[in-house]
Amino acid sequence: MFCSIEDFKTTFKKRLETKLSKSINDATNNDVYKTLGQLVRENVSKNWIDTTTYYQENKQKQVYYFSMEFLMGRLLQTNIENSGQFLIIKEGLKELGFNLENIFEEEHDAGLGNGGLGRLAACFLDSLASLNLPGHGCGIRYKYGLFEQKIINGYQVELPDYWLQESYVWEVRRPDRAVEVKFGGYVDMVEVDEKLQFHHKNYDTVLAVPYDVPVVGYQNETVNTLRLWSAESCREDFNFFTSNKNDYYHFLQYKRSIEDISGFLYPDDSTYDGKLLRLKQQYFLVSAGIQSIIKQFKAKYSADLLQLPEKIGVHINDTHPVLVIPELMRILLDEEGLSWEDAWRITKRTVSFTNHTTLSEALEKWPVTMVKELLPRIFMIVEEINERYCRELWDLYPYEWNKISALAIIGNGEIRMAHLAIVASYSVNGVAKIHTEILKTKEMKDFYKLYPQKFNNKTNGITHRRWLLNVNPDLASLITETIGNRWIAHPKELTNLIKYSKDTAFQEKVAQVKRMNKEKLARYIKEHNGITVDTNSIFDVQVKRLHAYKRQLLNIFHIIHLYHILSENPNIDITPRTFIFGGKAAPGYHFAKKIIKLINAVATVVNKDPRIQNKLKVVFLENYSVSLAEKIMPAADVSEQISTASKEASGTGNMKFMMNGAITLGTLDGANIEISECVGNDNIFLFGLKAEEVLKLYSEKTYRARDIYNIDFRIKKVLDELMGNHLPGGESEFKDIYYSILSNNDEYFVLKDFDSYCEAHELVDQTYRDQQKWLSMSITNIAHSGKFSSDRTIQQYATEIWGIRPRF
Ligand code: 26W
């Protein structure tokens with residue numbers, strides 16, 4: 001730790017000289033970033049070692065959060081703030097001629113996730129460490145993270161994200177902790193002393209090498225670990241080499257195929273795609289993680305594996321790591337020699353599971369043939385779990401074949417991963433109240449009847465340290481000036497702001513901060529999109545993955561409608577708006593990519609039409625990512641959360657916006673419902689069908705999108721625009737969107753909710769004119785956002801699911 005600015009400056013200059021052979025006068029921002037990153041990591045090392053040693057010596061339970069995705073973003077700012085060295089470093093660098101904010105920009109995002117699920121995992125790690133809780137992440141060190149998005153000619157183009165090009169300052173490679181993961185081959189069964197033994201033979205071995213990243217708690221001396229596994233070929237490859245007739249090229253190909261296992265993150269967000277490489281990735285993560293946990297456990301508790309559930313929790317982030325179940329069983333049965341009954345009891349009491357979606361296309365089902373071939377022993381175990389479980393079902397529901405086969409883990413030649421997760425875990429949770437209710441009453445209804453005690457809700461949260469303290473320092477200081485700094489450790493205390501919601505002096509200060517943040521974002525937009533936006537306009541933002549159910553289409557239809565109104569009547573009195581979009585589409589998701597093109601096409605037309613007189617601007621920000629979100633959230637006035645009710649499990653962007661004073665314009669879906677309960681209906685703009693209404697329309701099949709098209713001339717005009725030749729791209733560019741609405745009957749009720757959405761926008765427009773009212777709404781949102789801190793969420797996981805306690 002640096003004890004003074006002078007101390008920092010001296011150490012920093014010395015390091016720059018020794019590591020990069022540069023003097024301070026020659027150093028670039030990137031040199032400063034690398035040097036500073038190294039120093040900060042070294043500074044947290046002592047606490048990291050102490051925390052790890054404490055966990056090794058102390059016998060308290062620890063949790064491992066298994067996730068295929070950790071969307072960490074940048075770490076320099078968090079690590080500096082959390083280790084309490086911000087002021088010294090900022091001042092020191094300033095004296096050396098550098099601006100710390102610019103240095104942050106040098107860091108490449110660790111984009112090891114797609115969206116909500118991966119970012120949630122990152123927020124959870126921050127809260128675990130900040131609450132001194134013994135919880136660690138276990139993931140994959142993908143060589144390529146989520147693709148980089150470029151917009152060329154209005155279309156999304158994907159480029160590889162080689163985030164490791166310039167070495168990653170936060171990681172420590174630990175080859176001594178590497179483990180072997182086995183794929184393929186066959187299983188030999190032999191009977192020894194009337195007991196069956198299983199010998200896996202002729203397999204391919206992959207070496208899993210861990211790279212540890214410190215997770216620094218907020219000014220509290222706790223540093224937990226995010227362990228990311230990388231696939232490498234191992235020495236035994238030599239056998240391959242010699243047994244394959246010295247075929248060097250073949251050998252290199254084989255090596256490459258092994259390294260490919262941790263080669264890239266699958267860019268699919270919410271659609272399951274049964275690719276063999278993805279299955280390999282899942283087993284690779286799970287096997288490496290569980291082996292290393294068991295090794296550590298045995299070193300600490302000798303061999304009493306019956307104690308495992310009291311000492312270790314394994315949490316699975318959606319079904320992607322669900323193979324932890326058969327893998328743990330395999331180790332307990334085959335390597336540790338436990339009986340099936342003991343192994344099963346231990347496993348069931350160790351694993352807990354979160355579901356993150358009800359979209360049926362996202363539910364993972366792996367073909368039996370694929371699993372059998374790639375993971376022969378794992379398949380046998382899943383089969384045995386299924387058989388025993390089906391026998392129990394038979395006792396409960398004799399002769400009810402249909403019911404039993406619907407509930408089975410294996411059916412129609414597939415393994416249903418969600419079923420396996422529910423049956424073999426002790427806790428199943430949804431991520432917002434409505435989502436958990438839908439799981440209990442609809443998607444997982446029969447399982448809820450079987451195991452009511454397993455189901456519980458844990459409404460998502462976000463770390464207020466990153467999403468308020470770090471990204472919006474002026475708002476954070478204003479809050480501290482007003483109510484003191486206890487909210488940083490106890491975010492619920494933000495409610496103390498409520499009494500200032502109507503205080504005009506405070507309102508003016510909040511407005512001033514928002515104005516400055518908007519100016520900053522406006523500069524970014526000018527620089528990156530070449531568009532000048534009016535900072536007095538309402539910044540109306542929808543940033544998230546592109547998906548039909550999230551209904552970016554509803555938003556852009558409304559913009560086209562506003563454009564029609566304004567172009568017909570340029571003098572109409574509307575509050576100027578800047579509509580900002582951002583988000584990536586999965587590379588194979590044709591429809592989502594068309595929506596990106598449509599947004600950009602509308603932007604081209606609207607932004608340059610003189611009749612609009614700058615009252616409307618449309619901006620699509622390229623490459624939405626954690627670091628871009630950090631620039632957007634503080635500057636937003638309106639947060640668009642407009643999914644078809646019942647479809648968005650929770651949403652977490654909604655919480656980030658709210659915390660920064662944006663007002664939600666949303667449907668009663670996911671966590672919007674809880675946000676509206678907290679702030680009250682006067683402080684949110686709600687519209688659209690409710691979840692029950694949506695579900696009813698689906699089941700009754702009475703909805704006819706074409707009827708709305710025929711009756712509502714505004715909608716007709718908007719849709720016809722898609723088939724006309726006003727928009728760049730020509731007549732056939734948007735026909736798929738047009739037909740998805742009219743021929744495929746508008747699966748997500750865009751037309752049905754259009755009128756109500758327009759009304760809500762009218763209200764936004766009117767309300768914004770009354771700045772006092774608007775600011776009071778904005779402050780009320782900030783004041784209630786503490787409930788959506790991931791500290792609250794993690795506290796609930798810790799006490800209600802995992803049973804772990806803080807170390808201080
Ligand atoms: C296997 C393909 C696949 C990939 C990702 C299937 C499913 C997913 C995720 C479950 C999708 C996801 O990110 N879900 C989001 O999780 C967030 C955190 O809980 C929620 O806030 C979002 O509502 C939910 O869509």
Side-chain angles (χ1 to χ4, degrees), residues 65-71 112-124 139-140 146 265-279 281-282 285 315-323 353-366 415-418 421 428-436 438-439 443 457-463 543-551 583-589 592 629 639 641-658 666-667 669-675 691 788 790 793-794 797:
Y65 196 84
F66 276 69
S67 179
M68 289 285 282
E69 305 188 9
F70 284 93
L71 190 43
L112 309 185
N114 272 287
L117 163 134
R119 183 55 228 174
L120 186 77
C123 284
F124 280 4
I140 295 180
L146 186 61
L265 165 80
Y266 272 95
D268 295 311
D269 170 82
S270 69
T271 40
Y272 159 77
D273 185 357
K275 292 246 171 40
L276 178 65
L277 180 58
R278 173 135 172 125
L279 181 62
Q281 291 187 335
Q282 295 188 347
L285 161 68
H315 196 88
I316 56 175
N317 200 19
D318 217 275
T319 55
H320 320 155
V322 74
L323 294 175
F353 158 57
T354 301
N355 169 283
H356 291 267
T357 183
T358 55
L359 300 179
S360 52
E361 64 268 30
L363 293 181
E364 290 190 298
K365 297 178 189 106
W366 288 103
I415 306 179
R416 301 157 178 162
M417 304 314 245
V428 178
N429 76 280
V431 291
K433 268 196 221 161
I434 182 182
H435 170 57
T436 303
I438 292 175
L439 292 180
E443 306 301 324
N457 177 56
K458 296 287 167 281
T459 298
N460 282 166
I462 54 164
T463 162
V543 284
K544 47 182 82 245
R545 284 298 283 255
L546 265 290
H547 201 292
Y549 84 83
K550 295 181 189 279
R551 297 200 297 191
K584 295 177 182 176
Y589 193 172
S639 151
Q641 307 300 334
I642 60 177
S643 52
T644 310
S646 80
K647 297 286 179 189
E648 188 70 89
S650 160
T652 42
N654 45 4
M655 303 167 184
K656 293 165 199 166
F657 280 110
M658 171 197 200
T667 46
D669 198 17
N672 297 352
I673 297 180
E674 286 151 85
I675 291 177
F788 301 98
S790 45
T793 315
I794 279 300
Y797 275 86

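All ligand and atom numbering here is 1-based and tracks the order in the structure.
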Minimum side-chain heavy-atom gap M68-L285 below 4.5 Å
yes

Within the 4.0 Å heavy-atom shell around S270, which atoms of ligand 1 are there?
3 (C), 4 (C), 5 (C), 6 (C), 7 (C), 8 (C)

Distance filter under 4.0 Å to Y549 heavy atoms, resulting ligand 1 atoms:
25 (O)

Separation of L120 CG from M655 CE (nearest 0.5 Å)
8.5 Å

4.5 Å side-chain heavy-atom contact, M658 and N654
no

Got Q641 and F657 here, is their nearest side-chain heavy-atom distance under 4.5 Å?
yes

With a 4.0 Å heavy-atom cut-off (strictly under), which part of D268 contacts ligand 1: side chain, backbone, both or neither?
backbone

I need the nearest protein heavy-atom contact for atom 15 (C) of ligand 1: residue, atom name and distance, please.
H356 O, 3.8 Å

of all protein heavy atoms, closest to atom 20 (C) of ligand 1 is G651 N, 3.7 Å

Within the structure, does S650 bring an N/O atom to less than 3.5 angstrom of an N/O atom in ligand 1?
yes

For G115, is at least one N or O under 3.5 Å away from an N or O on ligand 1?
no

For ligand 1, which atoms sit closer than 4.0 Å to a heavy atom of V431?
19 (O)

Gap between atom CG of L323 and atom CE of M417 - 0.5 Å precision:
4.0 Å

Less than 4.5 Å apart, any side-chain heavy atom of N317 and any of H356?
yes

Candidate list D269, L117, I140, L146, test side-chain contact (heavy atoms from CB on, under 4.5 Å), partner E69, passing option
L117

Check step by step if side chain to side chain donor-acceptor pair (under 3.5 Å) holds for S643 and D669.
CA-CA 7 Å; S643 52; D669 198 17; 2.7 Å; yes

Winner among T357, D273, T358, T271 once heavy atoms are compared against atom 2 (C) of ligand 1:
T271

If you count the atoms of ligand 1 from 1 in the order shown, which ones are under 4.0 Å from a heavy atom of D269?
13 (O)

Using a 4.0 Å cutoff against the non-hydrogen atoms of R278, which atoms of ligand 1 qualify?
1 (C)

Report yes if some N/O of A362 lies less than 3.5 Å from some N/O of ligand 1; otherwise report no.
no

At a 4.0 Å cut-off, with the gap strictly under it, does some heavy atom of H320 reach an atom of ligand 1?
yes

Give the atoms of ligand 1, by number and element, whose distance to some non-hydrogen atom of G116 is under 4.0 Å.
17 (C), 18 (C)

Taking only residues two or more places apart in sequence or in another chain, which ones pass side chain to side chain contact (heavy atoms under 4.5 Å, CB included) with I438?
T358, I434, K442, E443, S646

Proximal atoms of ligand 1 relative to A649 (non-hydrogen, under 4.0 Å):
23 (O)

Sorted by chain and residue number, the salt bridge (charged side-chain N to carboxylate O under 4.0 Å, His left out) partners of D268 (sequence neighbours excluded) come out as none

To the nearest 0.5 Å, tell me how far Y549 OH sits from S270 OG.
5.5 Å

Is the backbone of N355 close enough, under 3.5 Å, to the side chain of H435 for a donor and an acceptor to pair up by distance?
yes

Got an N/O contact under 3.5 Å between E648 and ligand 1?
yes

Of all the atoms in ligand 1, which lie at a distance below 4.0 Å from a heavy atom belonging to D318?
10 (C)

Contact (N/O only, under 3.5 Å) between N460 and ligand 1
yes

Tell me: protein heavy atom nearest atom 12 (C) of ligand 1, and distance?
L117 CB, 3.8 Å

